[in-house]
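Here is the structure we will look at, set down as structure tokens.
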Amino acid sequence: MSDKKYLRNDKLPHIWCPGCGNGIVLSALERALEQANVDKDKTVIVSGIGCSSRMPTYMDFNTLHTTHGRALAFATGVKLANPELTVFVIMGDGDATAIGGNHLIHACRRNIGLNAIVVNNNIYGMTGGQYSPLTPTGMKATTAPYGMVERNFDLCELAHAAGATYVARGTVFHAKPLTDLILESMDNDGFSMVEVLSTCPIGFGRRNKIRGNYELMEWVKNRAVNVKAAAKMSEEDLRGKLLIGRLYSEPAEEYTKCYDKIIEIAGKEAKR
Amino acid sequence: MPAKYQKEIDTRLCKGCGICVDLCPKEVYDRDALGKPIIARDENCVYCKQCMLHCPDFAIEFIPLKEGEA
């Protein structure tokens, strides 16, 4: 029996399919929290709907499982009500970029102190494998049986353009660096986003003739290039690749601190 | 390599995805009839812990051995 400090060990085994990347992300996150030695009562984990959003079910914190795409909206409320809390928001790619796309860009713009983790498995896994805005062009999904026609987002560029102050990307193949990235994102005062390239062997891998759980992990690995290695590579070699590692870190004033100042000013006005 | 850890596989948690078997650089594991790992060549293990880090099901644990135990 597993005896992880920050997990609800009695809830295991989890519901995810064999070989699902969510389990690897959860264990990386658990290790990061263990290394940071966070206080269980001062940490909140918020999630939306989807396979990855089942994660808080297995985590022994104050957890909030909310409506589809609205995890960031709920988390904003939690953070504003009590700015002392460390708030993690776990979303899937459909949750964060399609249904909650607007919430994501505005949370980035406000630079509110949330730690968002976007588990990108390229597909809507729970509802049966429909394509999401992060399904690579040409790959198959239930709603794209001849291949995805649309172009997809570069989520990290999107978050950076919208104003997030810490943006990083990891993969489930690089489990140890992923833990380090999550740890690093916790140090950022404002909005930090870590995109994790994950795997869905049933909804995505099988449909795209990538058989085997390990083969799918290798496919993810081959799509990724470390940002330091990429600096020495030509543009042609980098075509179709995604950069991993810490991409942007530009600290700026955090939203709840700005808000506290407004409360102070408004209080003085009222006393007058 | 002298044993530093004892590996434990929780077959109740393991779903037999086979990631640990394929990932292991030293081919320590074999599969059983259900595809779950069996520690077949423990003496080859270099304790890189890649199997533990990549296990989606929290089924593999490395328990440190005290000095003298092996």
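Per chain, numbering begins at 1; letters A, B, ... match sequence-line order.
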- Side chain, backbone, both or neither of A/V172 within contact of chain B (heavy atoms, under 4.5 Å): backbone
- Message: Surrounding NZ of A/K5 (heavy atoms of other residues, nucleotides or ligands, distance under 6.0 Å), is the total greater than 12?
- Response: yes
- Which heavy-atom pair separates B/C17 from A/P18 by the least distance, and what is that distance? CB-C, 3.7 Å
- Task: Taking heavy atoms only and a threshold strictly under 4.5 Å, list by residue number the residues of residues 39-59 of chain A that touch chain B; give 'none' if the list is empty.
- Result: none
- Task: Taking all heavy atoms of B/H54 and all of A/H174, pick out the closest pair and write down the distance.
- Result: NE2-N, 4.3 Å
- More than 12 heavy atoms from other groups under 6.0 Å of CZ on A/R246: no
- Verify the neighbour count for atom CZ of A/R223: are there more than 12 heavy atoms of other residues, nucleotides or ligands below 6.0 Å? yes
- Note on the structure: dist A/T199:OG1 -> B/I19:CD1 (nearest 0.5 Å) comes out at 6.0 Å
- Could you look at A/L178 and say if it's the side chain, the backbone, both or neither that has a heavy atom under 4.5 Å from chain B? neither
- Message: Whether the side chain of B/K15 engages the backbone of A/H14 through a donor-acceptor N/O pair (distance < 3.5 Å, no angle test) should be reported.
- Response: yes
- May I ask you to list the residues in residues 214-221 of chain A that approach chain B closer than 4.5 angstrom, counting heavy atoms only, ordered by number? A/Y214, A/M217
- Task: Identify the two heavy atoms, one from B/L13 and one from A/P13, that lie closest to each other, and give their separation to 0.1 Å.
- Result: CD2-N, 3.6 Å
- Would you give the length of the straight line joining atom CG of A/L12 to atom CZ of B/F58, rounded to the nearest 0.5 angstrom? 6.5 Å
- Near B/E27 CD, under 6.0 Å, is it more than 12 heavy atoms from other residues, nucleotides or ligands? no
- Task: Identify the two heavy atoms, one from A/S27 and one from B/C55, that lie closest to each other, and give their separation to 0.1 Å.
- Result: OG-O, 4.4 Å
- Is it the case that more than 12 heavy atoms not belonging to B/K36 sit under 6.0 Å from its NZ atom? yes
